[in-house]
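Small disclaimer: the values here were computed from a predicted structure and weren't measured.
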Amino acid sequence: MKNPRKLWLAFAIVVGLSFAVLGYYGIEIYQKAPPIPEKVVSGDEVLFSGEDIKDGQNVWQSIGGQEVGSIWGHGAYAAPDWTADWIHREAKYMLDHQATKRFNNVFDKLNDEQKAALQTTLQKEIRKNTFDEAQGTITLSAERAMAYKQLEQYYSGLFSDDPAFNDLREAYAIPKNTIKDPVRLKKISAFFFWASWACVTNRPGENVSYTHNWPSERLVGNVATGDLMLWTGFSVIMLLLGIGILVFYNAKNKEEEVADDIPTEDPLLQIKSTPSMRATLKYFWIVTALILVQVILGVVTAHFGVEGSAFYGIPLDEVLPYSLSRTWHVQLAIFWIATSWLATGLYIAPAVSGYEPKYQTLGVNFLFIALLIIVAGSMGGQWMAIMQRLGYIENFWFGHQGYEYVDLGRFWQIFLLIGLFLWLGLMVRALLPALRQKTSSRNLLIMFIISSVAIALFYGAGLMWGRRTNLAIAEYWRWWVVHLWVEGFFEVFATVVAAFLFTRMKLLNERTATLNVLFSTIIFLSGGIIGTFHHLYFSGTPTAVLALGATFSALEVVPLVIIGIEAYHNYSISKLKPWVNAYKWPIYCLVAVAFWNFLGAGIFGFIINPPIALYYMQGLNTTPVHAHTALFGVYGILGIGLMLFVLKGLYRQNVWKDGLIGFSFWSINIGLLLMVLISVLPIGLLQTVASVNEGMWYARSAEFMQQPIMNTLRWLRVIGDTIFAFGTIGLALFVIGLKTGWSYHKGDFDVKKTEQLH
C-alpha cells in the first residue's frame, strides 16, 4: 500500500485483464446470439420474415421499448414482461387445443396424468430448435402457427383501440392506439415471437434455452438449472473470501489519512475564484431545476401504477403516457447527476492548478448551451416517437431508442459524446500546469484525468449498436454504458473528487489519501468490470457469462462491507475544526452516500445479483429497490453533495443557515428509505413469491398486480414520495436562497465570527 508504483501496476493489470475478458466474451455473444431467421414458416406458408422481426423491434422501440413492460426482464414494471406473457399464452393455447382434441376439455379441467402427458408433448415441440441455418428458416407446426396468429390478434387488440382490452390497458398503463398503423401492429408481434422463441428454444447441442431457461415457466420446461445453483453457491463463497481478505488487509495496512497539521482557518477561502469557476454556477441552477422536474415525473409515473390512464382523473396519458413519463424520469436523473459531476470537475480543475486557460470561460458557457439543447431536443424527440409521428429511421436518430437509461436518439447520443469530450478538453487544459509539477498530489491528478477520460470514452459504447442490431448484442453494449459508465468510472471520478476536496482543505494527508484512492479503485474495478456480466445472465448469452458474472458481481459487494469506516471517517472530519462545520451538509451528503452504498448498492444489490435469485427476481420490483437506492441514494446524493461543496466555494463569505438545507437533507433520505421499505420492496417480495410458485408471467400479470393488497402497497408509496418531494423542494428553495439571501446569515462575517456562530 505504501508503494504507488506497485499500485499503478496492479491497476493496469486489473483493468487490462478485465477488459480482455469482457472483450473475449463479447465476441462469444456476437457469435452465439439467438439467430434472427430470414423467415418463419409453417408448411408452405410464410408467417413472417426476418425483416418483419427487425421492423417489429423498431416498432417496439418507438413506443418506448423497455419503458413499456420488459423484454428478457429488462425494462418497466407496469405492463408485463412481453416474453413471459407470450410464452404463457402460447403454451396455454396449444395445451387447450390438444386437451380439447384428445380429451374434449380445456387443459385446466384435466387430471394430473393427462396434464403431464400434454405438457411433455408440448415441451418436446416447443423446445426443439427448428432453426435451419442453411435455409435461414424457423419451422413451426400447424398448431403453433395457429397459436401465433391468435396471439397476433391479441396484441393487435391490446396496442390498438379494441374496447375489449380497455381494462387490461388501464392495468398496464398503455394508452389506446399506442400503435396506430395495422402493419406495425403485425410486426411487433413478429418481434415478440422471436424474443420469446429464444427463451424456450434450446441452444444447439445444449439442454437450456438461449436465455438459460429464463423466464420461469413450468408449462414449457423453463426451470432453474444446476448451473444457477452452482454459481450462486460459488458467488457466496467468493463474497465471504473477498470480505475476509479485504478486512484483514485493510486492518493491517490502513494508513491514517487525516493531515498532521489541521489549519485553523479555511484554506479554500484563499483560493481565487476564476471566471470559468464562477461560470459553473448556472449549471447548478439547471441541476436544481432538473431535480424538481424529475421528481414530479417520478410522482406521475408511480401514480400511473394505480390509475393507468389518468392522474387523479385528468386523462394525462393522451399527452404524457406512462412510457414517456418514465423515460423522462430516468433520463433526467442521468442528466442532472452527470451535469452536477461535470460542473464540479470544471470548478475543481482551475482551483487545483491555479491556472485559468485562455477562453476557458467561453468553453464552459458553450458546453452549458450544448447540454441544454441535448436535454430539450432529446425529450422533444421522445415525445414525437411515442406519439408515433416518426418513421423507423427518424425514430432511431432523433426519437426513442427504447433502451432503458440510453433512450435518447442516436443524434443526441453523438451530440452528448462530443460534449463529454469537450468537457474532457476543458478539464485537461486547466490541469496541465499542475500535472507537470512533480508534487505529492500528482498521482491523484493522474487518476483524476484517467477517470475523466473514461467518462468521456465509455459513453461511446452506446454507439456500438445499430437500428436493427440483435437484441442480445445491443444489451451487451447497453450495459457497458449503464454499468461501466454510470456505476463504474463515475464512481472512480467521485472518489477522486472527494479526495481532492479534503486534501485541498488540508484535512487529509495528500500522500496517504492518494494511495487509498488508488487501492480503492483497484478493489472496486476488480469486481466491477467483469461484474457487468451479472446484467446479462438471461439476455441470450453463453453459460460462461453466467459463471463470470456470478463470481465477479459478488466481488463488487466486497469493498462496501467496510463502507461504515468511510462514513465514520467523513463524519469525524466535520468535527476536526470549527471552520469545517461550514461544510457540514456537503460532508453529511458523503456520509449518506456511504450509507446508501452499503444498503442500496450492497444489500439490495446482492439480493438480486446471485443467479438463482435473479432467475426469479429479474424484472420484478426488487430491481427498482436497488435502482432507486443506488442511483439516487449513491450517485444522486453525491451529486447534491458535490453541488453544495461548489456552492459553498462560490458563496464562500456567506454563513449558511441550517434550517432549510437540514430539512432537505433529512427529508430526502428519510423519504427515499420509506418509499422503498413500505412500498416498492414489499411489492417486489410478494412478486418473487408468485414468480417462484407460479412463474414470471403471473408475477407480472394484471391478475396478480391488481389485487387489493398490491394496490394498497402502491398507495403507501405516497408517504415516502411526499416526504422526498418536500425535501427536493427544500433543496431548490435553499439554492435560490443563496442568491436572494434567505439561506444565509446577512452581514460581514470573518472566520472567527463564523466559528463562534457554529
Using the ring of each side chain (for Trp, its six-membered ring), is [X] parallel, tilted or perpendicular to [Y], with breaks at 30° and 60°?
X	Y	value
Tyr588	Phe665	tilted
Phe19	Phe489	parallel
Tyr635	Trp341	tilted

Could you walk me through whether His400 and Thr327 pass the side-chain hydrogen bond (donor to acceptor under 3.5 Å, both in side chains) check?
CA-CA 9 Å; His400 201 305; Thr327 297; 2.9 Å; yes

Flag, side chain of [X] to backbone of [Y], donor-acceptor distance under 3.5 Å:
X	Y	value
Arg442	Leu435	yes
Arg467	Ile393	no
Ser18	Val15	no
Ser679	Val676	no
Lys272	Ala351	no
Trp596	Ala601	no
Ser743	Phe734	yes
Ser520	Val517	no
Trp412	Phe398	yes
His329	Ala302	no

Is there a side-chain contact between [X] and [Y], using heavy atoms and a 4.5 Å cut-off?
X	Y	answer
Met643	Leu731	yes
Val299	Val718	no
Tyr355	Pro357	yes
Leu650	Tyr347	yes
Leu672	Ile668	no
Leu525	Phe11	yes
Tyr405	Val330	yes
Asn669	Phe724	no

Closest heavy-atom pair and its distance - [X], [Y]:
X	Y	result
Ala349	Ala430	CB-CB, 3.8 Å
Phe663	Phe726	CE2-O, 3.6 Å
Gly730	Leu660	O-CG, 3.6 Å
Leu292	Ala732	CD1-CB, 3.6 Å
Ala474	Trp465	O-CE3, 3.8 Å
Val300	Ser325	CG1-CB, 4.2 Å

Exercise for review: Go through the steps for Ile450 and Val496 under the test side chain to side chain contact (heavy atoms under 4.5 Å, CB included), then give the verdict.
Suggested key: CA-CA 10 Å; Ile450 288 174; Val496 179; over 6 Å; no

Query - Stepwise side chain to side chain contact (heavy atoms under 4.5 Å, CB included) check, Leu22 with Phe533 - result: CA-CA 8 Å; Leu22 208 61; Phe533 283 148; 3.6 Å; yes

Spacing of [X] atom [atom1] and [Y] atom [atom2] [to the nearest 0.5 Å]:
X	Y	atom1	atom2	result
Ile386	Leu324	CD1	CG	4.5 Å
Cys589	Leu644	SG	CG	5.0 Å
Ile729	Thr288	CD1	OG1	13.0 Å
Phe366	Thr361	CZ	OG1	15.0 Å
Ile286	Phe335	CD1	CZ	12.5 Å
Ile334	Leu408	CD1	CG	10.5 Å

Passes ring pair (Phe, Tyr, Trp, His ring centres under 6.0 Å), Phe448 versus Phe500? Steps please. CA-CA 9 Å; Phe448 185 66; Phe500 257 126; 5.3 Å; yes

* **Residue pair Ile291, Ile640: steps toward the side chain to side chain contact (heavy atoms under 4.5 Å, CB included) verdict** => CA-CA 10 Å; Ile291 291 174; Ile640 292 171; 4.3 Å; yes

- [ ] Take Trp397 and Phe411 through the test ring pair (Phe, Tyr, Trp, His ring centres under 6.0 Å) and record every step on the way to the result.
- [x] CA-CA 5 Å; Trp397 280 95; Phe411 173 81; 7.8 Å; no

**Prompt:** Does the separation of the ring centres of Trp336 and Phe632 fall below 6.0 angstrom?
**Reply:** yes

Give a yes-or-no answer on whether the side chains of [X] and [Y] include a donor-acceptor pair shorter than 3.5 Å.
X	Y	answer
Trp328	Asp407	no
Gln382	Gln401	no
Thr274	Glu356	yes

Go through the steps for His74 and Trp479 under the test ring pair (Phe, Tyr, Trp, His ring centres under 6.0 Å), then give the verdict. CA-CA 11 Å; His74 295 304; Trp479 286 108; 5.5 Å; yes

| message | Do Lys657 and Trp742 form a cation-pi contact, if we require the NZ or CZ to be under 6.0 Å from the six-membered ring centre and within 45 degrees of the ring's axis? | response | no

Ring of Phe368, cation from Lys282 - is the NZ or CZ under 6.0 Å from the centre and inside 45° of the axis?
yes

Between Gln66 and the options Arg326, Glu404, Gln61, Glu475, the side-chain hydrogen bond (donor to acceptor under 3.5 Å, both in side chains) test singles out Glu475

message: With a 4.0 Å cut-off on N to O distance, would you call Arg389 and Glu394 a salt bridge?
response: no

Test ring pair (Phe, Tyr, Trp, His ring centres under 6.0 Å) on Tyr583 and Trp656; report intermediate values, then the result. CA-CA 9 Å; Tyr583 298 92; Trp656 290 358; 8.2 Å; no

Applying side chain to side chain contact (heavy atoms under 4.5 Å, CB included), run through Thr344 and Tyr283 and close with a yes or a no.
CA-CA 9 Å; Thr344 301; Tyr283 283 77; over 6 Å; no

